[in-house]
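Letters A, B, ... mirror the listed sequences (proteins, then strands); counts begin at 1.
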Amino acid sequence: MTDPRFNPMAADARWQKAWDDARVFEASDDSDKPRSYVLEMFPYPSGRIHIGHVRNYTMGDVLARYKRMTGHEVLHPMGWDAFGMPAENAAMEKGVHPGGWTRSNIANMKAQLKRLGFALDWSRELATCDPEYYGHEQALFLDLYAAGLVYRKESAVNWDPVDMTVLANEQVIDGKGWRSGAEVERRKLSQWFLKITDFADELLEGLGGLDNWPDKVRLMQQNWIGKSQGLQFRFAIEGEKGGLDVFTTRPDTIFGASFVAIAADHPIAQQLAANDSAVAAFVETCKKGGTTAAEIETQEKLGHDTGLRCVHPFDESIALPLYIANFVLMDYGTGAVFGCPAHDQRDLDFSRKYDLPVTRVVADGDLTDPVFVGDEAYSGPGALVNSRFLDGMTIDAAKAEVIARAEAEGWGQATTTWRLRDWGVSRQRYWGTPIPFIHCGTCGVVPVPKEQLPVVLPEDVDFKTPGNPLLRHPTWKHVQCPKCGGKAERETDTLDTFVDSSWYFIRFASQPADKPFDPAVAAKWLPVEQYIGGVEHAILHLLYARFWTRALARIEMIDIKEPFASLFTQGMVTHETYARMVEGREVYFGPDEIERSSDGAVLRSDGAPVTIGRVIKMSKSKKNVVDPDDIVDQYGADAVRWFMLSDSPPERDLPWSEAGIEGCWRFVQRLWRLAGQYNPEQASGGSDKALDRKTHQAIAGVAADIEALSFNKAIAKIYDLANAIEKAAPSASRDAAIRTIVLLSAPMTPHLAEEAWATIGDGGLIAQAAWPSVDPALLMDDEVTIAVQIKGKLRDTLTVAKGLSRDELEALALGSEKVQRALDGAEVKKVIVVPDRLVNLVI
RNA sequence: GCCCCUGUGGUGGAAUUGGUAGACGCGCUCGACUCAAAAUCGAGUAUCGAAAGAUGUGCCCGUUCGAGUCGGGCCAGGGGCACCA
């Protein structure tokens, strides 16, 4: 070890090859070691690895390497979430084939990942766009269909009336199609659905057992599933035969009702529209705009009075106008609500707009006037007023009373409603898993027989016109009906890519050719011990994967109910932005075009000053991106990995900075010099108790921090140990400390650690070395510093032997000169002693 | 509009989960080494103050002997909202 500098350009590739050659990261299904399945969310192959991926995979890598060092058989696989819209956009823009584009992206990104030295089992690599993967997915889909968990129904999509195509929410900008600019409409199509609502209860219940998930994710899922209890009841309609079913969570406010509203696609609205052009016109206006909740809920609340009158269930003389309203959702409850404006903001806004009465029925204190004034609805607690037999009751008592009477009188019953809707999986797009069904004029919808799987996507497609190329492919969709042998057509919709990512973690664990997975092998690895990914997946992906696992459990294909035992959601990588006004428009510049100094930034090309903007998520449009390849070229993989782990706690955003990566590079070099000082022959041979203590505290501390995924804290402890080693005189302890710090940093800086281990280790690869063991006797300090406070204010600190009694501590505190000066003769009324921590004197 | 999160020095953050706020890193200042620079090493670095001391964890209020930590109310920034992945 004579080289004064660590040279990653040479070392990185050498050790990456050594790991590959020795196949150290390939997981064995047959090992008798304890197993550990570490998984990071697999990337979409967009073209280049993003710095956010590097952060995500570095975290998983440290854990995987640590687990291996602590004696586990580790499964740490990688694959590609390879279906999706960007490939089709590339096809339209660049004239390339989505498959070719995707596969070349995968090749590029794989090379990028390899350069970072991740301890991945590449023998299990998979891409969801391979028929070997999606064919099994089709089989699973058919199994779920056979179990009654798949069905078809009408559902709304964003329709671009100019391009005559379905748009993703992302493609709708300010209510207009992103290419055509046409006003988007909601249009109904017959689509495939998975019955996730069948599992609403158990998905909710299951959250309770996910102790190693972040609370916020569990809370978000709980709210998303949205269990609510209420009353479903029937309004009679004056002069009409049938009634109208509504659902409410606030039956207590029934005497405050001033209108009833139905969704524009409610059967009654549809029926009225057929005979009344004014209604038909209103129903049409309700179709304007996209399908997102944010859009629907923020658009102006509009209603149309149908002229029909609903009869109040407790008083036939009260007639409530029936409106069609654009904010009522057909998908939730019964698609009909009654409005109580005094106690619901949306209903109040609506009532003020259409001049409907607003009656107070819940009073907070003395405010019992039935005429409700103001523009802010009251939704807080209180007692019922102006509500006949409910007057004086609490909200809960009134709810129970109304439900009891409705049930006794037979016009309603207590009902549980869920916010969760069934999962629509149909996509009118090419680059996805073909849905394995055939439409036959005689036999209806027929599943593709399993022996005919996979239903393979045709390669010869064109993207010259908008819309799904499968629909206009000359031959692909024309098939024989498997049942009657007659002419039939394939389903041309493909599956939502969330289906692909709902079971990939099972396929990683077991990938036989003839079936989706082998349950016995999968059971050895699952559930995933630690799953790591972005918080943006807190609801959809994670809920769908939980559902899919439970669905497979219900059809007895798998033995677990929850796929991910522990979940960690990491923050984004951010960077400041650089911009300059050019002709009244903000023009952004990339970090590589900028010369940054402590007091500002100028353009490299002409020295013109630019404004340094906020630190935000890296994005192409703001040009505040850093390419992982460039920085690996410049600093080597270890410095980049170190940066990803230092400073910012992993769940928070990490601001990228040039100064920061420079600092990491310097530490890598410092660690290298430290390793070079290992020299047992020169050591005096004596031991250094203080350093031993520091070393063992570091071993225990770093291990605990890695297990808690607190990498920033683990790194702070390694810095601490490095500082202590540098200050220490040569000794056997110091050599031991050097060996230890190399082992402790091996999961983070594996290339440097291997290079150093080649000299100071015991022959093998450090990737396969054992984590150092801890001497518990060395973990404790025998002295502590205690704080002495007067009424909570720090007045002095005392360094004393550990474990002194309360009385001894109190006496020492009172003996302090500073304390006596601060007391200034005041009487001490109470003394609070926390052993080994503090003494607080209350005066 | 609805759901969720975050806020601590110049800066990223730490704080044994209610007990000495600012560990560790970056930056900066001074010094050593050098012809010089880089690298490296050493010392210092919350604010005000000469000091004693006072103030200080987005803002306001509360609970407590004691609050960055707990409760209530705001403000600001971010994530998600079912066809982006």
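- Here the rule is ring pair (Phe, Tyr, Trp, His ring centres under 6.0 Å) with Phe42(A), and of Trp80(A), Tyr504(A), Phe505(A) only Tyr504(A) fits it.
- In this pair, Trp503(A) and Tyr133(A) present their aromatic rings parallel. The plane angle is below 30°, not in the 30 to 60° band.
- Between Asn169(A) and A82(B), a side-chain N or O to OP1/OP2 separation shorter than 4.0 Å is present.
- Side-chain contact, Tyr531(A) with Glu40(A): no donor N or O sits under 3.5 Å from an acceptor N or O.
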Polar-atom pairs under 3.5 Å, protein N or O versus N or O of nucleotides 60-68 of chain B: list them with distances, or write none.
residue, atom, partner, partner atom, Å
C65(B), O2, Asn840(A), ND2, 2.4

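- Counting atom types as modelled, Arg673(A) pairs no side-chain N or O with a base atom of U40(B) as donor and acceptor under 3.5 Å.
- Note: CZ (Arg795(A)) to C1' (G53(B)) measures 9 Å, nearest angstrom.
- At a cut-off of 3.5 angstrom, counting only N and O atoms as typed in the model, there is no donor on one side facing an acceptor on the other between the side-chain of Gln221(A) and the base of C3(B).
- Side-chain atoms of Tyr44(A) and Ser501(A) form no donor-acceptor pair, as typed in the model, at a separation below 3.5 Å.
- Checking Thr165(A), Asp160(A), Asp163(A) one by one against Ser180(A), the side chain to side chain donor-acceptor pair (under 3.5 Å) holds for a single residue, Asp160(A).
- Distance, Asp720(A) CG to A23(B) C1': 7 Å, rounded to whole Å.
- Note: CD (Glu536(A)) to C1' (A82(B)) measures 16 Å, nearest angstrom.
- Of the candidate nucleotides C81(B), C84(B), A14(B), C84(B) has the atom nearest to the side chain of Glu170(A).
- Map Asn723(A) and Arg419(A) each onto its nearest nucleotide of RNA chain B; the residue landing nearer the 5' end is Asn723(A).
- Between Asp349(A) and Lys301(A) no salt bridge is recorded (no basic side-chain N to carboxylate O distance below 4.0 Å).
- The nearest heavy atom of RNA chain B to Leu838(A) and to Val166(A) marks one nucleotide each, and the one closer to the 5' end goes with Leu838(A).
- Taking the six-membered ring where tryptophan is involved, the planes of His541(A) and Phe498(A) are essentially parallel, since the angle between them stays under 30° and well short of 60°.
- Separating the CZ atom of Arg218(A) from the P atom of G79(B) is a distance of 24 Å, rounded to the nearest angstrom.
- The side chain of Arg427(A) contributes an N or O atom lying less than 4.0 Å from OP1 or OP2 of C83(B).
- Rounded to an integer number of Å, the gap from CD of Glu662(A) to C1' of U40(B) is 15 Å.
- Regarding Met572(A), its CE atom lies at a distance of 19 Å from the P atom of C4(B), rounded to whole Å.
- A straight line from CG of Asn712(A) to P of A23(B) spans 15 Å, rounded to a whole angstrom.
- In this structure G9(B) sits in the syn conformation; its chi angle is within 90° of 0.
- One interatomic measurement links the two molecules: CG of Asp647(A) to C1' of G12(B), which rounds to 5 Å at whole-angstrom precision.
- Here Lys717(A) does not reach the OP1 or OP2 of A14(B): none of its side-chain N or O atoms lies under 4.0 Å away.
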